[in-house]
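Below is one structure, written out as structure tokens; comments come after it.
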Amino acid sequence: MGLEKLVELEFECPCNPKWNGTFSSAFFVIPAVMAFTLMLIIQGCRCGMRWPKSLSISSFVPAVVWLILLFLDGQYFACAMTDWKGRFVTVDRAAPQKWCEPTDESDITPQELMLRSQELFVVSQVR
């Protein structure tokens with residue numbers, strides 16, 4: 001049920017360089033650990049010195065699938081790597097994209113930051 005509730009949440013990046021990495025990493029780590037633990041419980045955790053290889057490998061599959069889905073989504077990685085303050089907005093274009101629109105004045109234009117954000121999406125999806 002916990003995983004289902006996390007999946008239902010609409011991700012909103014805090015757009016604060018101090019919190020972006022921590023907030024985004026929670027979406028990577030917490031559900032992956034929950035999925036791994038759930039698989040151990042379902043398969044019957046034999047926490048002795050010798051685990052069968054099939055048990056340990058199959059227990060990691062849901063966690064790895066979760067991580068792959070987050071990287072393919074792109075916005076979690078882009079949020080974690082965003083290093084400017086802003087507000088989380090949706091840009092309505094051919095394919096709607098969510099990003100941290102800068103609120104502070106800086107030497108870098110909002111268009112350049114949007115391009116950097118789009119590059120982070122691509123980097124996340126190619127990894």
Side-chain angles (χ1 to χ4, degrees):
M1 283 177 47
L3 285 172
E4 183 182 347
K5 290 297 180 189
L6 281 173
V7 173
E8 287 177 4
L9 291 175
E10 182 68 27
F11 179 78
E12 281 200 33
C13 185
C15 295
N16 183 335
K18 293 179 184 177
W19 291 104
N20 289 348
T22 304
F23 186 74
S24 294
S25 64
F27 277 85
F28 282 90
V29 174
I30 294 171
V33 169
M34 288 174 60
F36 175 74
T37 305
L38 185 62
M39 284 303 293
L40 284 179
I41 292 169
I42 290 171
Q43 292 181 350
C45 178
R46 292 179 223 115
C47 299
M49 293 293 286
R50 298 175 60 191
W51 276 10
K53 287 184 181 179
S54 63
L55 174 66
S56 60
I57 291 171
S58 63
S59 296
F60 281 105
V61 170
V64 170
V65 168
W66 176 258
L67 295 176
I68 290 170
L69 290 173
L70 289 186
F71 277 114
L72 287 175
D73 183 271
Q75 69 179 345
Y76 300 91
F77 179 76
C79 175
M81 300 304 290
T82 298
D83 59 355
W84 61 87
K85 282 192 170 212
R87 64 174 201 244
F88 198 61
V89 298
T90 302
V91 178
D92 291 326
R93 294 208 176 145
Q97 178 187 351
K98 296 178 180 179
W99 76 297
C100 290
E101 182 179 51
T103 55
D104 295 340
E105 294 291 325
S106 69
D107 296 336
I108 303 172
T109 66
Q111 289 78 15
E112 290 173 320
L113 291 176
M114 182 180 219
L115 284 174
R116 190 184 319 171
S117 184
Q118 289 171 340
E119 288 173 8
L120 291 170
F121 269 78
V122 171
V123 166
S124 176
Q125 293 168 346
V126 172
R127 283 187 175 193

Distance in Å, [X] [atom1] paired with [Y] [atom2], rounded so as to fall on 0.5 Å steps:
{"X": "S58", "Y": "F36", "atom1": "OG", "atom2": "CZ", "value": "9.5 Å"}
{"X": "T90", "Y": "E101", "atom1": "OG1", "atom2": "CD", "value": "10.5 Å"}
{"X": "M39", "Y": "I41", "atom1": "CE", "atom2": "CD1", "value": "11.0 Å"}
{"X": "F27", "Y": "C79", "atom1": "CZ", "atom2": "SG", "value": "9.0 Å"}
{"X": "D104", "Y": "K85", "atom1": "CG", "atom2": "NZ", "value": "6.5 Å"}
{"X": "T37", "Y": "I42", "atom1": "OG1", "atom2": "CD1", "value": "11.0 Å"}

Given the rule that I, L, V, M, F, W and Y join up when any side-chain heavy atoms are under 4.5 Å apart, are [X] and [Y] in one cluster?
{"X": "W84", "Y": "L115", "result": "no"}
{"X": "V91", "Y": "I108", "result": "yes"}
{"X": "V89", "Y": "L113", "result": "yes"}
{"X": "V29", "Y": "W19", "result": "no"}
{"X": "L120", "Y": "L67", "result": "yes"}

Checklist entry - Quick check: are the SG atoms of C100 and C15 less than 2.5 Å apart? => result yes

Which heavy atom in [X] sits nearest to a heavy atom in [Y], and how many Å separate them?
{"X": "Y76", "Y": "L70", "result": "CE1-CD2, 3.4 Å"}
{"X": "A35", "Y": "P62", "result": "CB-CB, 3.9 Å"}
{"X": "A80", "Y": "S24", "result": "N-OG, 3.4 Å"}
{"X": "N20", "Y": "T82", "result": "ND2-O, 3.1 Å"}

Next on the checklist: Test side chain to side chain contact (heavy atoms under 4.5 Å, CB included) on C13 and W99; report intermediate values, then the result.
Outcome noted: CA-CA 8 Å; C13 185; W99 76 297; over 6 Å; no

Item to check | F28 ring center near F71 ring center (under 6.0 Å) | outcome: yes

Checklist outcome for this item: The side-chain hydrogen bond (donor to acceptor under 3.5 Å, both in side chains) partners of N16 (sequence neighbours excluded) come to none

Item to check | Test item: S25 side-chain N/O and T22 main-chain N/O as donor-acceptor pair under 3.5 Å | outcome: yes

Checklist outcome for this item: Residues pairing under salt bridge (charged side-chain N to carboxylate O under 4.0 Å, His left out) where one sits in residues 106-117, two or more places apart or in two chains, turn out to be D83-R116

Non-hydrogen side-chain atoms of [X] and [Y] separated by less than 4.5 Å:
{"X": "L38", "Y": "M34", "result": "no"}
{"X": "F88", "Y": "Q75", "result": "yes"}
{"X": "Q97", "Y": "S117", "result": "yes"}

